[in-house]
Number of protein chains: 2
Amino acid sequence: MPPYDLSAFPPFAVTVDLVVLTVRRHALCALAVRRGEPPYQGRWALPGGFVRADEDLEAAAARELAEETGLHAHPTGPPPANGAHLEQLATYGDPKRDPRMRVVSVAHLVLAPDLPAPRAGGDARSVRWAPVDALLAPETGLVRDEEQTAPLAFDHARILADGVERARSKIEYSSLATAFCPQEFTVGELRRVYEAVWGVALDPRNFHRKVTGTPGFLVPTGGTTTRQGGRPAQLFRAGGATVLNPPMLRPEI
Amino acid sequence: MPPYDLSAFPPFAVTVDLVVLTVRRHALCALAVRRGEPPYQGRWALPGGFVRADEDLEAAAARELAEETGLHAHPTGPPPANGAHLEQLATYGDPKRDPRMRVVSVAHLVLAPDLPAPRAGGDARSVRWAPVDALLAPETGLVRDEEQTAPLAFDHARILADGVERARSKIEYSSLATAFCPQEFTVGELRRVYEAVWGVALDPRNFHRKVTGTPGFLVPTGGTTTRQGGRPAQLFRAGGATVLNPPMLRPEI
DNA sequence: AGAATAGTGTCTATGAGACAGTATGAG
DNA sequence: CTCATACTGTCTCATAGACACTATTCT
């Protein structure tokens with residue numbers, strides 16, 4: 001078969017799916033949308049959609065993100081405003097992953113601060129933040145939830161699990177945990193992000209020493225806040241450093 | 001636009017491209033094929049090809065690898081025979097990356113030991129191992145090479161650079177460097193893999209202490225070899241461990 | 001006062017880097 | 001013999017983890 005014989009390749013549909021993560025009420029949550037049509041009608045799924053004919057993959061992901069949440073993503077570089085971090089996650093192309101046609105989905109990972117309202121374009125009942133534990137619970141539904149969310153449609157549970165694992169490992173050796181925080185945040189708030197994403201408790205004193213001692217990780221803004229109660233805490237912005245060396249260590253077990 | 005309106009999505013061609021890396025003569029090398037047709041006729045490119053209509057992405061990558069090199073890949077799990085490590089790398093979908101049509105390429109990374117002959121299916125002049133430094137050299141060709149290899153066709157320089165960076169970082173925290181070694185190897189041979197991939201010199205004594213002291217990384221086979229000269233060295237196989245904790249530290253600078 | 005959170009200091013165990021010194025082969 | 005490589009041991013410094021202690025607010 002000569003390469004690029006224009007009649008010799010099978011046609012594919014290409015979509016982007018989004019794993020949008022945030023930390024709400026001390027829990028790692030993902031954005032889920034309810035499917036209005038078959039297949040998997042009524043089930044929860046990851047947001048996503050078709051890549052347009054002249055659109056880059058990353059642009060398609062940013063467009064879908066804006067349509068679903070109103071969030072503006074900055075694929076690389078530091079957060080200028082209240083933007084979200086966006087990166088490509090992986091591509092899923094099992095021939096049977098969609099029962100109707102051959103669809104290859106390029107999944108993207110988005111890390112966003114909590115504050116933005118969950119939606120901007122759709123209707124309120126069809127999009128929500130759900131704890132990833134509930135979305136990934138075994139199909140018997142062991143997790144008590146006001147509304148059953150698992151199992152996700154298609155192979156989206158696998159995609160979500162891959163995205164969560166990527167986020168868990170990336171905050172070890174990068175400063176990406178700050179993408180879950182508002183523009184100004186305290187050391188304690190950053191620690192609660194780590195605790196929620198990793199699902200562990202960290203020693204506040206050692207954590208404080210570690211993050212404030214890593215050059216370029218945090219930049220003090222001069223302000224303080226008491227929004228967490230207790231003694232006023234310094235406010236910080238994310239510094240220019242993107243990689244942490246040495247990394248944050250995720251406690252074993 | 002209703003989702004999955006079968007007439008509402010633009011058609012894409014989906015390909016797999018392969019970044020096949022090995023260590024030869026103390027240098028990190030990648031597999032390159034010479035293009036026989038336009039565009040970029042006569043230029044070097046990464047091996048790859050179309051994904052078939054009912055073929056998984058990983059299966060397509062393994063098939064292309066076997067067609068180009070005769071290597072058999074085992075996507076996950078330990079090397080049973082002289083297989084190569086294969087994993088998905090990233091997906092490239094710039095609308096203009098191929099001048100003729102919309103092509104989305106799912107790049108895969110392959111790490112292989114040196115021994116296998118460079119090719120099995122094509123003709124000898126159209127496929128070769130080339131040092132990644134030469135393939136990624138600036139277009140002015142600062143690297144002296146018997147035959148100019150850079151710049152690669154399409155966006156393959158970017159793909160190769162991403163694959164090399166992935167390999168460089170993965171051998172820090174995983175036992176994947178053993179994928180570059182034959183089934184049985186010495187500590188010194190493993191060290192030369194690290195030195196070639198990272199492009200640095202490592203202290204042989206500290207390296208020996210580190211790798212032999214990490215549980216599950218190396219399993220002694222009982223044999224010895226003098227193929228490197230000097231005092232006979234113990235032979236090892238790769239152990240069951242896949243992640244290294246604590247990781248190998250890549251020297252700075 | 002008591003509770004809650006922020007922040008500092010101190011000790012210890014672990015591991016990386018530097019490097020002395022010994023072991024065992026090939027020529 | 002020399003040379004090359006393999007391997008062991010020892011010292012020092014950096015840092016993670018454990019945890020005592022102080023600081024500053026709110027109720």
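We name chains A, B, ... by the order of the sequence lines, and we start the count at 1 in each one.
Between the CD atom of Gln228(B) and the P atom of dA4(D) there is a distance of 14 Å, rounded to whole Å. Distance, Asn245(A) CG to dG15(C) P: 18 Å, rounded to whole Å. Straight-line distance from the CZ atom of Phe207(B) to the C1' atom of dA18(C): 17 Å, rounded to whole Å. Rounded to a whole Å, the CZ atom of Arg192(B) is 13 Å from the P atom of dA4(D). Going from atom CG of Asp203(B) over to atom C1' of dC7(D) covers 12 Å, rounded to whole Å. For the pair His208(B) NE2 and dT24(C) P, the interatomic distance rounds to 14 Å; values are reported in whole Å. Taking atom CZ of Arg231(B) as the reference point, atom C1' of dG25(C) lies 9 Å away to the nearest angstrom. Between the C1' atom of dA6(C) and the CZ atom of Phe236(A) lies a distance of 10 Å, rounded to the nearest Å.
Here Arg227(A) lies out of heavy-atom contact (under 4.0 Å) with every strand. Within the nucleic acid shown, Pro204(A) has no heavy atom closer than 4.0 Å to any nucleic acid atom. In this structure, Pro251(B) reaches neither bases nor backbone, as no heavy-atom distance under 4.0 Å exists between it and the strands shown.
Two residues, Lys210(A) and Pro232(B), neighbour DNA chain D, and the one matched to the more 5' nucleotide by heavy-atom proximity is Pro232(B). Both Gly188(B) and Pro247(A) lie close to DNA chain D; mapped to their nearest nucleotides by heavy-atom distance, the more 5′-ward contact belongs to Gly188(B).
In this structure, Arg158(A) pairs ionically with Asp162(A), as a charged nitrogen and a carboxylate oxygen lie closer than 4.0 Å.
At most 12 non-hydrogen atoms from other residues, nucleotides or ligands lie less than 6.0 angstrom from CZ of Arg25(B).
At distances below 3.5 Å, not a single donor-acceptor pair connects side-chain atoms of Thr178(B) with backbone N or O atoms of Ala238(B).
Of the candidates dA18(C), dA18(D), dA16(D), dA18(D) carries the atom nearest the Asn206(A) side chain, counting heavy atoms from C-beta on. Out of dT5(D), dG17(D), dG7(C), the shortest distance to the side chain of Leu249(A) is found at dG17(D).
Side-chain atoms of Arg205(B) and base atoms of dA20(C) include a donor and an acceptor less than 3.5 Å apart. In the interface, the side chain of Arg209(A) is not paired with the base of dG9(C) through any donor and acceptor atom under 3.5 Å apart.
Scanning for salt bridge (charged side-chain N to carboxylate O under 4.0 Å, His left out) contacts around Arg191(B) gives Glu195(B), with sequence neighbours left out.
In terms of phosphate contacts, Gln234(A) brings no side-chain nitrogen or oxygen within less than 4.0 Å of OP1 or OP2 of dA6(C).
Phe236(B) has its ring centre no less than 6.0 Å from the ring centre of Phe185(B).
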